[in-house]
Chemist: 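One structure, pasted below without further comment.
Everything quoted here is computed from the prediction, not taken from an experiment. Scope of the values below: all heavy atoms of this structure, side chains included, with no hydrogens, waters or symmetry mates.
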Amino acid sequence: SYCLVLMIATFLGAYGYDVRDKNVGALLLDFLELFGKKFDFSRTGISMSSASFFELSALYAGKVPLYIDDPLNPGQNIGLNSFAMYRVKA
């Protein structure tokens with residue numbers, strides 16, 4: 001899905017990963033550890049435009065299951081229709 005592609009691209013950009021530095025299995029495990037164990041979806045948003053994560057404002061914090069800023073239309077949350085995010089957490 002588009003959301004997953006943006007999550008992967010932001011993950012690689014935010015941590016400065018070069019695909020040539022690690023094998024795909026290690027990258028996958030790092031990705032799953034971040035978004036499965038460490039990432040707080042209720043307080044943190046994802047932005048591909050700046051390849052970073054950001055703290056959600058009081059307007060969104062805890063009220064949306066997943067906030068991913070659309071790089072083609074900044075300010076629009078493409079993760080808004082996500083549901084049952086609490087089930088994804090490890």
Chemist: What distance do Lys37 atom NZ and Leu32 atom CG have between them, rounded to the nearest 0.5 Å?
Modeler: 10.0 Å
Chemist: Apply side-chain contact (heavy atoms from CB on, under 4.5 Å) to Ile8 and list each qualifying residue two or more places apart in sequence or on a separate chain.
Modeler: Leu4, Leu12, Phe31
Chemist: Test Glu55 against Thr44 for side chain to side chain contact (heavy atoms under 4.5 Å, CB included), laying out the working first.
Modeler: CA-CA 5 Å; Glu55 188 170 337; Thr44 311; over 6 Å; no
Chemist: Where do Asp40 and Ser42 come nearest, in terms of heavy atoms and distance?
Modeler: OD1-OG, 2.7 Å
Chemist: Run the ring-ring contact (aromatic ring centres under 6.0 Å, His included) test against Tyr2 and tell me which residues pass, sequence neighbours left out.
Modeler: none
Chemist: Just verifying a value: how many Å separate Ser82 OG and Tyr67 OH, rounded to the nearest 0.5 Å?
Modeler: 13.0 Å
Chemist: To the nearest 0.5 Å, what is the distance between CD1 (Ile68) and CG (Asn77)?
Modeler: 7.5 Å
Chemist: For a 4.5 angstrom cut-off between non-hydrogen side-chain atoms, does Leu34 reach Phe11?
Modeler: yes
Chemist: Quick one: are Tyr60 and Leu80 in side-chain contact, heavy atoms under 4.5 Å?
Modeler: no
Chemist: Report the C-alpha separation of Met48 and Thr10 in whole Å, then their side-chain angles, then the decisive distance to 0.1 Å, and conclude whether the side chain to side chain contact (heavy atoms under 4.5 Å, CB included) test is met.
Modeler: CA-CA 5 Å; Met48 177 55 210; Thr10 303; 3.7 Å; yes
Chemist: Of all heavy-atom pairs between Ala14 and Ser52, which one has the smallest distance, and what is that distance?
Modeler: CB-CA, 4.3 Å
Chemist: Can you check whether Ala26's main-chain N or O pairs, donor with acceptor, with Asn23's side chain at less than 3.5 Å?
Modeler: yes
Chemist: Is there a side-chain contact between Leu6 and Pro71 in this structure, where contact means two heavy atoms from C-beta onward sitting under 4.5 Å apart?
Modeler: yes
Chemist: Tell me whether Asp69 contacts the main-chain N or O of Gly75 through its side chain, where contact means a donor paired with an acceptor under 3.5 Å.
Modeler: yes
Chemist: Under 4.0 Å between a side-chain nitrogen and a carboxylate oxygen: does that hold for Glu33 and Lys38?
Modeler: yes
Chemist: Do Phe53 and Phe39 make the cut of ring centroids closer than 6.0 angstrom?
Modeler: yes
Chemist: How many angstroms lie between CG in Leu72 and CD1 in Ile78, if you round to the nearest 0.5 Å?
Modeler: 8.5 Å
